[in-house]
Amino acid sequence: MATRWGICGAGKISHDWSVALKTLPAEDHQVVAVAARSLERAQDFAKKHGIPQAYGSYEELAKDPNIDVVYLGVLHTQHLRVGLLFLNAGKNVLCEKPFAMNSREVQQLVAAAKKNDVFLMEGIWSRCFPVQREVSRLLSEEAVGEVKVVKAYFGSPQLHIPRSVETELGGGALLDIGVYCLQFVLMVFQGERPESIHATGHRLESGVDEVMIVVLKFSRNRIGLCGFSIGVPLPNDATISGTKGTIRIPSPMWCPSVLVVNGKETEYPLPEPCMPMNFTNSTGLRYEAEEVRQCLLKGLKESSRMPLADSVLLTEIMDEARRQVGVVFTQDNQ
């Protein structure tokens, strides 16, 4: 029986999500409804993607009994309010990254999911890619010995995009793209809490971070180094250096299709989309959709690929990095 998806938000990422689902078997995944802030937008989206039901409010989607899980594709400034709406309505939720604006908001979402006994996952799609699963397997076998240093970079010139630079829209490099670098380090070190966090960076006039470098020190003198910028391009790769070798994920490290282990390259090709996409390698969203389906079939309330504890720790690290660089959002004072 197909997993019945409801999509909340009719923006660019929701478009890519809908197209990615079409690369999976229709008997496994069906988008049955979409909701937007206006009925017209929802209807346009539904027509474009062949979705049977369109709603002009999120509340209507929350009340739809024919939905197994909601994909939350709205801006992260809205994740807490809209996420709580669906969780308290008893809906399973896959929430686009970043989970929320700060760790207090994330903890509220996690508490609501537990209270209502529903599934909740932060959409760190990177972790569900075949490349990342292979990396996890290699690390479990200690294929490169003891890991000593993990590096991850993500730089994308997007100072022309309002949501990237405006404080009210939750802008800045950290929340938009730095999250991918930090989660990668946490994945490698299996969700361990770092012993220390050192962050430095530069803020735009709007107050958000244009560039940030974060160094995480873990037990046994292991280091995670992350660099990210919305001002300039960076190598956009990730490297795991161990006592017996190196694992490298070339660009784009956040949605990879190539893995290099001790110099040997392996390709993991992605399926082609049926219509143009907004973001790089977006058909790879299919992997997290299938991860959610498998979790629901097993009756799980969270994913082992991206546990809620990892999301909480990830956001706590981002809170501390923002504190050190001086990036403050309105939500921090509520």
Side-chain angles (χ1 to χ4, degrees), residues 3 5-9 13 35 57-65 67-128 170 174-176 178-180 182-183 186-187 189-194 197 288-289 291-323 327-334:
T3 299
W5 290 89
I7 295 180
C8 178
I13 191 64
S57 74
Y58 304 150
E59 287 76 13
E60 289 172 282
L61 182 64
K63 291 173 185 170
D64 189 329
I67 287 167
D68 298 314
V69 55
V70 173
Y71 171 74
L72 201 57
V74 297
L75 198 63
H76 48 282
T77 50
Q78 302 297 312
H79 283 180
L80 176 65
R81 181 181 65 82
V82 183
L84 289 177
L85 170 71
F86 290 112
L87 294 169
N88 289 329
K91 292 284 188 273
N92 300 304
V93 173
L94 172 64
C95 180
E96 202 30 89
K97 66 82 204 161
F99 216 163
M101 294 299 292
N102 53 41
S103 58
R104 181 186 54 77
E105 290 193 352
V106 167
Q107 282 161 347
Q108 281 183 261
L109 289 167
V110 171
K114 290 180 177 171
K115 176 186 164 193
N116 292 287
D117 196 32
V118 291
F119 175 88
L120 177 62
M121 177 182 174
E122 180 180 11
I124 302 284
W125 62 319
S126 314
R127 292 203 177 189
C128 301
L174 176 65
L175 262 64
D176 189 18
V179 60
Y180 286 121
L182 292 167
Q183 71 79 24
L186 290 183
M187 184 196 77
F189 292 137
Q190 298 184 315
E192 182 181 321
R193 183 176 292 275
I197 301 164
E288 75 173 354
E291 170 66 15
V292 171
R293 172 174 165 80
Q294 293 306 317
C295 288
L296 295 179
L297 289 174
K298 293 170 189 167
L300 302 175
K301 304 304 176 187
E302 60 182 295
S303 163
S304 60
R305 294 300 305 167
M306 188 63 200
L308 294 173
D310 272 27
S311 290
V312 170
L313 176 58
L314 176 61
T315 320
E316 287 174 350
I317 291 169
M318 293 199 294
D319 283 358
E320 177 58 22
R322 284 198 297 115
R323 188 190 68 78
V327 178
V328 179
F329 295 113
T330 312
Q331 292 85 350
D332 298 329
N333 305 315
Q334 291 172 357

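To the nearest 0.5 Å, atom CG of residue D117 and atom CG of residue L87 are 11.5 Å apart. Rounded to the nearest 0.5 Å, atoms OG1 (T315) and CD (Q183) are 12.0 Å apart. The line from NZ of K63 to NZ of K91 is 11.0 Å long, rounded to the nearest 0.5 Å. Atom NZ in K114 sits 6.0 Å away from atom CG in L308 (nearest 0.5 Å). Here the CG atom belonging to D310 is positioned 10.0 Å from the CE atom belonging to M187, to the nearest 0.5 angstrom. Note that the OG1 atom of T3 and the CG atom of L297 stand 5.5 Å from one another [nearest 0.5 Å].
For residues 82-122, no pair satisfies ring-ring contact (aromatic ring centres under 6.0 Å, His included), with sequence neighbours left out.
Closest approach of W5 and A289 over heavy atoms only: CZ2-O, 3.8 Å. Across L174 and A321, no two heavy atoms sit closer than the pair CD2-CB, 4.3 Å. What you find for Q331 and N102 is that their closest heavy atoms are O-ND2, 3.3 Å. Nearest heavy-atom pair, M101 versus G170, reported as atom, atom and distance to 0.1 Å: CE-CA, 3.7 Å. Of all heavy-atom pairs spanning H79 and E96, the tightest one is CE1-O, 2.9 Å. Closest of all the heavy-atom pairs between S126 and Y180 is OG-CD2, 3.3 Å.
Residues L109 and L84 have side chains in contact (heavy-atom distance under 4.5 Å, counting atoms from C-beta outward). In this structure the side chain of V93 never reaches within 4.5 angstrom of the side chain of V118, judged on heavy atoms. Residues M306 and L314 are in side-chain contact: their nearest non-hydrogen atoms beyond the backbone lie under 4.5 Å apart. Between N333 and V328, some side-chain heavy-atom pair lies under the 4.5 Å cut-off. Looking only at side-chain heavy atoms (C-beta outward), C8 and V74 come within less than 4.5 Å of each other. Counting heavy atoms from C-beta on, the side chains of L94 and W125 never come closer than 4.5 Å. With contacts defined as side-chain heavy-atom distances shorter than 4.5 Å, the pair L186/I317 qualifies.
Between the side chain of R305 and the main chain of C128, no donor-acceptor pair closer than 3.5 Å is present. Counting only distance, with no hydrogens or angles, the side chain of Q78 and the backbone of L75 share no donor-acceptor pair below 3.5 Å.
A side chain to side chain donor-acceptor pair (under 3.5 Å) with S311 is found for one member of K97, E122, E316 and no other, namely E122. For the side-chain contact (heavy atoms from CB on, under 4.5 Å) test with V106, the passing option among D319, V312, L80 is V312; the others fail.
There is no side-chain donor-acceptor pair under 3.5 Å between R104 and Q107. N88 and N116 share a side-chain donor-acceptor pair at under 3.5 Å.
With sequence neighbours left out, the salt bridge (charged side-chain N to carboxylate O under 4.0 Å, His left out) criterion links R323 to E320.
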Any chance you could lay out the side chain to side chain contact (heavy atoms under 4.5 Å, CB included) test for I124 and V179, step after step, and finish with the verdict? CA-CA 9 Å; I124 302 284; V179 60; 4.0 Å; yes
